[in-house]
Amino acid sequence: MLRILHVSPGLKSGGTAQLCADTACALQQIGCTNLVASPANELVSRMRAAGVEHRLCRKPTLLNTFAETRKLRSIIERFAPDVVQVYNAPAAFIAAVAIKRLPAGKQPLLVGNIATAASGRFSARLWQHCAGFITISRTLREFLQKGLLKHRKKDIALIPYGVNEQLCNPGFSLSPDKWEQWRTAHPESAEKLTLCIPGAISPLHGLEDLIPILTTLLLQGIAVHAYIAGDSRKADPAYTELLKKKFAISNLSEHISWIGARPDLREVLCACDITLSLCKQPATCDRPVLEALALGRPVIGYDHGIVGELLESFLPEGAVAPGDTAAVADIISQWNTYRPQTITQIPYPYRISDTAESALKLYRMSLPH
């Protein structure tokens with residue numbers, strides 16, 4: 001089996017920043033030998049428990065690039081990987097420099113894994129030494145093909161960032177104790193249709209669209225309550241206050257709860273009847289929507305970007321034309337009466353095991369025979 005070195009100076013919990021750890025653990029599970037070079041954080045113990053080795057590295061800067069390159073070269077010489085996979089542009093640069101200083105016969109394959117819509121000529125120059133690239137959605141691949149990697153279009157492989165099927169699957173449900181905790185903390189949820197809106201609190205995430213949606217449902221006599229699960233500490237205070245004022249003017253404040261960023265988002269998604277995605281612009285990644293769908297929860301979202309891709313595979317009837325709040329309200333009303341049929345198994349390629357298998361196949365195809 002292959003030996004894979006993952007270099008992720010930006011590794012941390014949450015969102016796409018966790019991609020390196022999840023990929024390394026999944027590859028380890030199918031027999032590969034993995035080592036992750038990253039800063040120390042809470043993910044290290046989980047990786048080590050899965051059998052993944054770890055070495056410390058720092059984010060490359062103008063002051064430490066030489067030292068980090070030398071350190072990475074030492075790791076490569078000792079670990080002797082077949083593949084070096086990098087997760088941001090600075091890591092791609094120092095890995096390329098470190099590899100070039102090795103004898104020709106001992107130079108591993110350099111693969112870039114791009115999970116965010118980074119752009120700019122400088123970043124493109126840092127990525128240029130990679131033999132190939134992995135990206136996590138059709139939307140992001142198209143973005144990269146038109147911009148950052150327009151001269152490397154054929155070198156970009158699409159491998160979605162799947163969910164850990166042991167944690168997120170249609171068979172998961174809240175325990176009686178968790179249900180009791182939820183109902184105690186949120187008594188307003190009793191006997192009401194509940195909506196979860198996960199994601200950042202910003203103008204791009206369409207929270208203003210809750211006004212016509214909730215107003216329509218209330219006029220139809222549907223008792224409804226929405227939970228905004230976003231980190232208010234990272235939001236623009238002026239925007240948050242403006243949003244709250246708009247809700248108050250529309251007499252909706254009592255129908256909306258701000259529950260913040262949640263470490264137990266999986267449980268919140270299961271406690272709510274429907275998850276909404278109201279993003280104004282196509283997103284390249286949306287982990288909460290993927291997790292909700294993988295849990296077998298009903299999701300309604302604007303049909304563009306990664307949300308459109310996910311709904312196409314999991315629940316096509318939840319896709320709505322962007323900005324069509326009347327259609328969103330109509331589907332919610334229908335699902336309030338007849339719950340849609342959701343998945344019983346996570347479809348390929350949206351499990352983290354699928355991510356690992358696809359990556360391994362790509363490595364084998366790209367390595368010299």
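Throughout, residue positions are numbered sequentially from 1 according to the sequence presented.
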If a pair satisfies ring-ring contact (aromatic ring centres under 6.0 Å, His included) and one of its residues is in residues 277-326, list it, with sequence neighbours excluded. F314-Y350

Taking only residues two or more places apart in sequence or in another chain, which ones pass side chain to side chain donor-acceptor pair (under 3.5 Å) with Q281? none

For R287, salt bridge (Lys or Arg N to Asp or Glu O under 4.0 Å) partners two or more places apart: none

Using the ring-ring contact (aromatic ring centres under 6.0 Å, His included) rule, collect all pairs that involve residues 182-201, keeping only residues at least two apart or in two chains. W182-H186, W182-Y227, H186-Y227

Any residue meeting side chain to side chain donor-acceptor pair (under 3.5 Å) with R152, in chain and number order, not counting sequence neighbours: D155

R183: which residues meet the salt bridge (Lys or Arg N to Asp or Glu O under 4.0 Å) condition with it, sequence neighbours left out? none

List, by chain and number, the other hydrophobic cluster members for M47, where Ile, Leu, Val, Met, Phe, Trp and Tyr join if side-chain heavy atoms come within less than 4.5 Å, directly or indirectly. L11, V36, L43, V44, V52

Going by the rule side chain to side chain donor-acceptor pair (under 3.5 Å), which residues pair with R78 if we only count those two or more places apart in sequence or in a different chain? none

Residue set satisfying side chain to side chain donor-acceptor pair (under 3.5 Å) with Q145, at least two apart, ordered chain then number -> none

side-chain contact (heavy atoms from CB on, under 4.5 Å) partners for A327, two or more places apart: V320, D324

Enumerate, atom names and distances included, each donor-acceptor pair closer than 3.5 Å involving a side-chain atom of residues 162-171, sequence neighbours excluded.
residue	atom	partner	partner atom	Å
N164	OD1	Q166	N	3.0
E165	OE1	I352	N	3.4
E165	OE2	S353	OG	2.7
N169	OD1	G171	N	2.9
N169	OD1	F172	N	3.1
N169	ND2	E165	O	3.0

Sort and list the pairs that fulfil ring-ring contact (aromatic ring centres under 6.0 Å, His included) and have at least one residue in residues 247-297, not counting sequence neighbours. none

